[in-house]
Amino acid sequence: MRSSQYLLSTLKETPSDAEVVSHQLMLRAGMIRKVAAGLYTWTPSGLRVLRKVEKVVREEMQSIDALEILMPMVQPADLWQESGRWDDYGPELLRLKDRHQRDFLLGPTHEEIISELVRKEVSSYKQLPLTLFQIQTKFRDEIRPRFGVMRAREFVMKDAYSFHLTQESLQQSYDQMYAAYCRIFERLGLDYRPVIADTGSIGGNSSHEFHVLASSGEDDIAFSDGSDYAANVEMAEALPPKGERATPAMDKQEHQVKGDELAALLQPLSVEAQQAVKCFLVEASDSVEAEYVLLVVRADHELNSVKAEKLEQVASPFNLVDSYTTHELHNVFLSPVDFSGPIMVDHAAAQLSDFACGAGRNGVWFTGVNWQRDAKITEAVDIRNVIEGDPSPCGQGYLKIARGIEVGHIFQLGKKYSNAMKVGVLSETGKHETLTMGCYGIGVSRIVAAAIEQHHDDRGICWPDNLAPFQAVIIPMNMHKSARVQETAEKLYQQLKDQGVEVLFDDRKERPGVMFSDMELVGIPHQIVVGERNLDEGMVEYQARKAGDKVKLKIEQVASHIKDALS
RNA sequence: CGGCGAUUAGCGCAGUUUGGUAGCGCACUUGGUUUGGGUCCAAGGGGUCGCAGGUUCAAAUCCUGCAUCGCCGACCA
């Protein structure tokens, strides 16, 4: 490709609404342009990269015999009514009507459509196991789209679905998919971690997320410094502290306090946050007689609502109740003392003695409170977020916490959808069996942003070879004044093209500085500079975008040198 | 959904307090100059100042409503 015939729309200035570096660079390098909140047009350079990601994903899916299909983005409501998700899904689901006033939706995911396909097309156990995938545009009406294509409303996703007669078969496909995902992220040159994950609203049993480690990530990942253990903080287990609770040494005392901020309130009491607890009022589930459940964690810890929601006593969906609206009591004064309903106490808080807590009256706190004597514990449970330095639940090492960008997620769905949508086959014994399912997603467009988060410097993007929009670029110095330079550049361009190298020939009538900075911004990994300076010796200059040091090459060596660098 | 803020040329912004001819930098076009790291000079094109209504002799500027976008929070794969 000649840059004079290419749309190379680079920007010097950073658009003001781009916060994270990948968003800034994608705009500056002319990869995407915003159409509306969370909606982007992929321009030629951006699309080239997106297609590279798709290519790797597609190849690895094919390598485990997953079959590619393409399902519609617009889906009829009746299938979603059948699975129950028409009602379960919130405003994130964009619903629309056709001209006959029939209900449709823009697909955020495709379990219903694939279930509909498989129940019609697959009728015998002999056709199993079966894995199908597609690379499709999804739509989720995110509350707050941000960070460019990292969290867009419309995005490209690879989604795969597998169908099995037995759990063992599902486990087998799940393991294959897990391995394929590892190969994909390795080939894409990403620093990633598979982590134990929450199954979220899609439901099911086992689940792993694949995270690209980056400070701009939106998820906290906890991982052990002594083993391979890694989990989303939502899921990472906080081990109960060892040892016995100390015996009470203080009497319960009442204190008038000012303000309603925990830290400010503790200071005059001379109580450390580790020696105090905070309480949360949540709706109780039907299995409990009380209306509310009280959740208690140590004041320096954070409540983990994913864990709390899984408690039998707590209503799902998790609903935090504002005690001010219910009892005219500010949340900070909620108290386990004299609370009538179930009191679920985090292990660390349950370990405390002589601690401080709210008194159940506005403006009053207790010190010297002790469990059993002053307040009951219904059950000690794990309902807090782990923090850095906690012992790893795997038993080896301590936890560290890093930010991650979720780029892949695999689930063992079980029979959630196949039951609801009656997906089954006749087994060997002639009996009807409901299938068990797995589903496996990769955020294809998000990967583009994630890769930039990991591969950039102050001049622009530094693409790994497998992702770069072009593999090599030829930058001629003053070609429009020098016939020799032009001739050599043209010759190299032809040679590289003939060898199948994706090469950009910067034949614009621009000053060298402009070309250098544009090509570095766009991030083309291999640069050839053709200039009068070296032509007398029959040489040109080679520079790798990442390493940066310049090497002189004989003109004849260029093509093979680039080929070697790429392999 | 709640709080805050923004909306003026393709991009980044000034002008709004105190109403009176629409500005700057980058980008773009033309000519010249320069040529191994975003040259320099000159000339030029491009705007219903987000939309609608109101006040006024006169509104980018004051008032009202709406829309869009962003940030923080809550929520959510």
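Just so it is clear: chains get the letters A, B, ... in the order the sequence lines come, proteins before strands, and each one is counted from 1. Just so it is clear, the structure is predicted and the values come from calculations on it, not from any experiment.
When both distances must be under 3.5 Å, the Watson-Crick or G-U wobble mate of B:G2 is B:C72. Pairing for B:A27 is absent, judged as Watson-Crick or G-U wobble with the two contacts each under 3.5 Å.
One P atom belongs to B:G31, the other to B:G54, and the distance between them is 50 Å to the nearest Å. B:A22 and B:G5 have their P atoms separated by 30 Å, with the value rounded to a whole Å. For the C1' atoms, the distance from B:U64 to B:C72 is 28 Å, rounded to whole Å. Rounded to a whole angstrom, the distance from the P atom of B:U17 to that of B:C4 is 23 Å.
A close approach under 4.0 Å does not occur between any side-chain nitrogen or oxygen of A:Thr109 and OP1 or OP2 of B:A77. The side chain of A:Lys12 places an N or O atom within less than 4.0 Å of a non-bridging phosphate oxygen (OP1 or OP2) of B:A27. Contact annotation: A:Arg144 side-chain N/O to B:C72 OP1/OP2 distance is under 4.0 Å.
Shown here for A:Ala472 and A:Ile524, the closest heavy-atom pair between the two residues is C-CG2, 3.5 Å. Closest approach of A:Met344 and A:Val293 over heavy atoms only: CG-CG1, 3.6 Å.
Judged purely by distance below 3.5 Å, without hydrogens or angles, the side chains of A:Asp159 and A:Tyr161 pair a donor atom with an acceptor atom.
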Decide ring pair (Phe, Tyr, Trp, His ring centres under 6.0 Å) for A:Phe210 and A:Tyr178; before the verdict, give the C-alpha distance in whole Å, the side-chain angles of both, and the deciding distance to 0.1 Å. CA-CA 9 Å; A:Phe210 290 78; A:Tyr178 186 105; 5.4 Å; yes
